[in-house]
Amino acid sequence: EVQLVESGGGSVQAGGSLRLSCVVSGSTSRRYCLGWFRQAPGKQRERIAALDSAGAAITNYADSVRGRFTASKDSAETTLYLQMNSLKPEDAAMYYCAAGPYGAWLTRPCEYAPNEYYAWGQGTQVTVSS
């Protein structure tokens with residue numbers, strides 16, 4: 001069973017930066033999806049970016065973070081990263097990494113509803129001071 005563990009969250013001032021990490025282990029699938037998500041109190045869960053385990057490119061960035069956040073993974077596909085720059089108070093949320101099925105039938109195989117992802121980390125909290 002796939003396991004994911006996030007780290008790197010903390011408290012920063014607006015305009016500051018943080019780098020989150022997610023260690024992935026135990027996957028039994030040859031090809032699957034990986035993604036970064038966030039959820040603030042009272043807000044809908046938002047997908048930050050999605051990645052194909054067999055590819056290097058990021059398939060999508062949310063409009064709210066495009067140009068400020070950068071997602072990546074190492075060559076062994078065991079660790080995900082999320083570099084967050086120019087942080088704003090509205091970026092404060094619990095940040096999660098997740099794994100899901102590879103949607104070969106989709107035009108964008110890793111772009112689907114968050115609830116379709118089958119494994120989630122426990123999350124890491126990000127707080128941004130105004």
Decide whether [X] and [Y] are clustered together by the hydrophobic rule: side chain heavy atoms of Ile, Leu, Val, Met, Phe, Trp, Tyr closer than 4.5 Å, transitively.
X	Y	answer
Val5	Leu80	no
Tyr102	Leu34	no
Val23	Val2	no
Met84	Val12	yes

Going by the angle between their ring planes, with limits at 30° and 60°, are Tyr96 and Trp120 parallel, tilted or perpendicular?
perpendicular
Please answer whether the main-chain N or O of [Y] pairs with a side-chain N or O of [X] as donor and acceptor at a distance below 3.5 Å.
X	Y	result
Ser53	Tyr32	yes
Gln125	Ala93	yes
Glu6	Gln122	yes
Tyr112	Pro101	yes

Report yes if some heavy atom in the side chain of [X] is under 4.5 Å from a heavy atom in the side chain of [Y]; otherwise report no.
X	Y	result
Leu82	Tyr95	yes
Pro89	Ser129	no
Leu18	Leu87	yes
Thr79	Asp74	yes

Roughly how far, to the nearest 0.5 Å, is the [atom2] atom of [Y] from the [atom1] atom of [X]?
X	Y	atom1	atom2	result
Gln83	Ser21	CD	OG	9.5 Å
Gln3	Cys22	CD	SG	11.5 Å
Cys97	Leu51	SG	CG	11.0 Å
Ile48	Arg66	CD1	CZ	11.0 Å

Can you name the nearest heavy-atom pair linking [X] to [Y], along with the distance?
X	Y	value
Ala92	Thr127	CB-CA, 4.2 Å
Ser86	Ser17	N-OG, 4.3 Å
Gln13	Val128	C-CG1, 4.1 Å
Ala99	Leu4	N-CD2, 4.1 Å
Tyr118	Gly100	CE2-C, 3.3 Å

The test is side-chain contact (heavy atoms from CB on, under 4.5 Å); show your working for Trp36 and Arg47 and say whether it passes.
CA-CA 6 Å; Trp36 282 104; Arg47 182 176 66 234; over 6 Å; no
Determine whether the side chains of Arg19 and Thr70 contain a donor N or O and an acceptor N or O closer than 3.5 Å.
no
Please check if any side-chain donor atom of Ser64 sits under 3.5 Å from a side-chain acceptor atom of Glu46, or the reverse.
yes
Do Tyr117 and Phe37 have their ring centres less than 6.0 Å from each other?
yes
Look at Asp91 together with Lys88 and state whether they make a salt bridge at an N to O cut-off of under 4.0 Å.
no
Would Met94 and Val126 satisfy side-chain contact (heavy atoms from CB on, under 4.5 Å), going step by step from the backbone distance to the final call?
CA-CA 6 Å; Met94 185 71 76; Val126 172; over 6 Å; no
